[in-house]
2 protein chains.
Amino acid sequence: MTHLASTPSTLGCALLGLLARSPSTGYDLARRMQRPVGYFWSARHSQIYPELARLEQDGLVSHEVVDGAGPRPTKRYAVTAAGMEALRTWVATETEPQPVRDLETLRLWSVWTVEPETARGLVRQARVRHEDVLRAYEEELSALEGTPEARDRSHPAFASVLTLEGGVRTRRAAVEWCDWMLDRLR
Amino acid sequence: MTHLASTPSTLGCALLGLLARSPSTGYDLARRMQRPVGYFWSARHSQIYPELARLEQDGLVSHEVVDGAGPRPTKRYAVTAAGMEALRTWVATETEPQPVRDLETLRLWSVWTVEPETARGLVRQARVRHEDVLRAYEEELSALEGTPEARDRSHPAFASVLTLEGGVRTRRAAVEWCDWMLDRLR
DNA sequence: CCTTTCATGTAATGGGTTACATGATTCG
DNA sequence: CGAATCATGTAACCCATTACATGAAAGG
């Protein structure tokens, strides 16, 4: 009997979420973690491989060896029934508000210490960034919207549309905020 | 001569930003880190005390012993001229986009795996939270807006207004987004 | 031929949370 | 008289990043 499976770490649940959408190798998970998931969670391969091993020990994922180009055997992972259950439980579980870490705002909070021109540069830079991410969200959203899967509440695409819409809305608000600040800094 | 002062850590700069606004004890910094700074950066006292020691070693802050209720000498810290310069440099320095960690969105991204009623509960919960933070931002903002300091670009209150306005705008967008989702989940 | 992509791992280090430890004063 | 507040520190642990290590196949 395997040891009592406690709730996996957040990273573990992120990986379960990815694998529930489609089975992947660890390498592939690292790629998928960059975009579009990377906009709200990220991890490097050095963190992913040990986590996959832990998930497998707990019986939440399993792997089969497939053909691949690496020096070691290439493993394709998939969620097990227990893993799917763990994912569902995690999604439904109440979580207390996480501490936010927003470096951009932290710097802005000390902007009174620098020259107005420096401050404007800072805000302009932030605006460009928000706009870039906004565009990426919009592109991805327009690719999904209108498809029949996006309407099906039990289909991954439905959840993707929800999160992308949130990204679009908050980034749009951020761009408008930057414009508002630039106006105040004139 | 003290050893070459490299740029302090982000936490170090956060503390410099706090101390530049007003000198404090480590205990007080921990309190001030909860609200309102805590909305975009946070730290516990166990992290703050060693960081203060490091900053002092680099000559960026200094302390004087004052009367206090603790078992050890109570130290009031203040930024030095070098510390102020380091803060200004850090604010003006370009930073590459930080990886975002948004647990709420990560869970939402896997919402297709659960029942619609569970999904609605999740979004309702998120809405309450965003609204609570929004209200806190608005209160703090209304206390500052209209004061003469809020107009002075070299006064801390000016920067506070900028960040609070951003908080209000993004949280408002988030609440509207939740309503949009609840509509889609009907 | 050199770089990129596929592919999986480990080790060292840094950042952050939780828990341990201490002790005076104030308030209910 | 017990709990909360003031006040500072250390230790153990977890999470995450960077760097080290290996090697085949494909494309420019």
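Note on naming: letters A, B, ... go to the chains in the order of the sequence lines (proteins, then strands), and numbering restarts at 1 for each one.
- When distances run from any side-chain atom of A:R31 to the nucleotides C:dC6, C:dG16, C:dT8, the shortest one goes to C:dC6.
- For C:dT17, one of the phosphate oxygens OP1 or OP2 lies less than 4.0 angstrom from a side-chain nitrogen or oxygen of B:Q47.
- Whole-Å rounding puts the A:D28 CG to C:dT5 P distance at 14 Å.
- Residue B:P99 places its side chain closer to D:dT17 than to any other of D:dT17, D:dA7, D:dG9.
- To the nearest 0.5 Å, atoms OG1 (B:T74) and CG (B:D28) are separated by 11.0 Å.
- Salt bridge annotation for B:E115-A:R88: absent, with no cationic side-chain nitrogen under 4.0 angstrom from a carboxylate oxygen.
- Picking from C:dG9, D:dC15, D:dT18 the nucleotide with the shortest atom distance to the side chain of A:R44 gives D:dT18.
- Close to C:dG16, at under 4.0 Å from its OP1 or OP2, lies a side-chain N or O of A:R101.
- Spacing between atom CG of A:D67 and atom P of D:dA24 amounts to 16 Å, rounded to whole angstrom units.
- One can place CG of B:L103 at 14 Å from C1' of D:dC15, the figure rounded to the nearest angstrom.
- The NE2-P distance, from A:H45 to D:dT17, rounds to 12 Å in whole Å.
- Taking only side-chain nitrogens and oxygens, B:Y49 comes nearer than 4.0 Å to OP1 or OP2 of D:dT8.
- Between the P atom of D:dA7 and the CE atom of B:M33 lies a distance of 18 Å, rounded to the nearest Å.
- Position along DNA chain C of the nearest nucleotide to A:R72 versus B:A43 favours A:R72 as the more 5'-ward residue.
- Of the charged side-chain nitrogens involved, at least one lies within less than 4.0 Å of a carboxylate oxygen, so that B:R172 and B:E138 count as a salt-bridged pair.
- With D:dA16, D:dT17, D:dA7 as the choices, the nucleotide that has an atom nearest any side-chain atom of A:L11 turns out to be D:dA16.
- Checked by distance alone, A:T25 brings no side-chain donor or acceptor within 3.5 Å of a matching partner on the base of C:dT8.
- Residues that satisfy the ring pair (Phe, Tyr, Trp, His ring centres under 6.0 Å) test with A:Y39, not counting sequence neighbours, are A:Y137.
- Checking D:dA19, D:dT17, C:dG15 against the side-chain heavy atoms of B:S9 singles out C:dG15 as nearest.
- Distances shorter than 4.0 Å separate none of the side-chain N or O atoms of B:Y27 from OP1 or OP2 on D:dT8.
- A:E165 and A:R169 are joined by a salt bridge, as a carboxylate oxygen and a charged side-chain nitrogen come within less than 4.0 angstrom of each other.
- Chaining together hydrophobic side chains whose heavy atoms lie under 4.5 Å apart places A:Y27 alongside A:Y49.
- The nearest whole Å value for the distance from the CZ atom in B:R32 to the C1' atom in D:dC6 is 16 Å.
- One N or O donor and one acceptor, one from the side chain of B:S46 and one from the base of C:dT18, sit under 3.5 Å apart.
- One can place CD of B:E64 at 13 Å from P of D:dA7, the figure rounded to the nearest angstrom.
- Rounded to a whole Å, the CG atom of A:L106 is 15 Å from the P atom of C:dG15.
- Both A:A69 and B:P50 lie near DNA chain D, and the one whose nearest nucleotide falls closer to the 5' end is B:P50.
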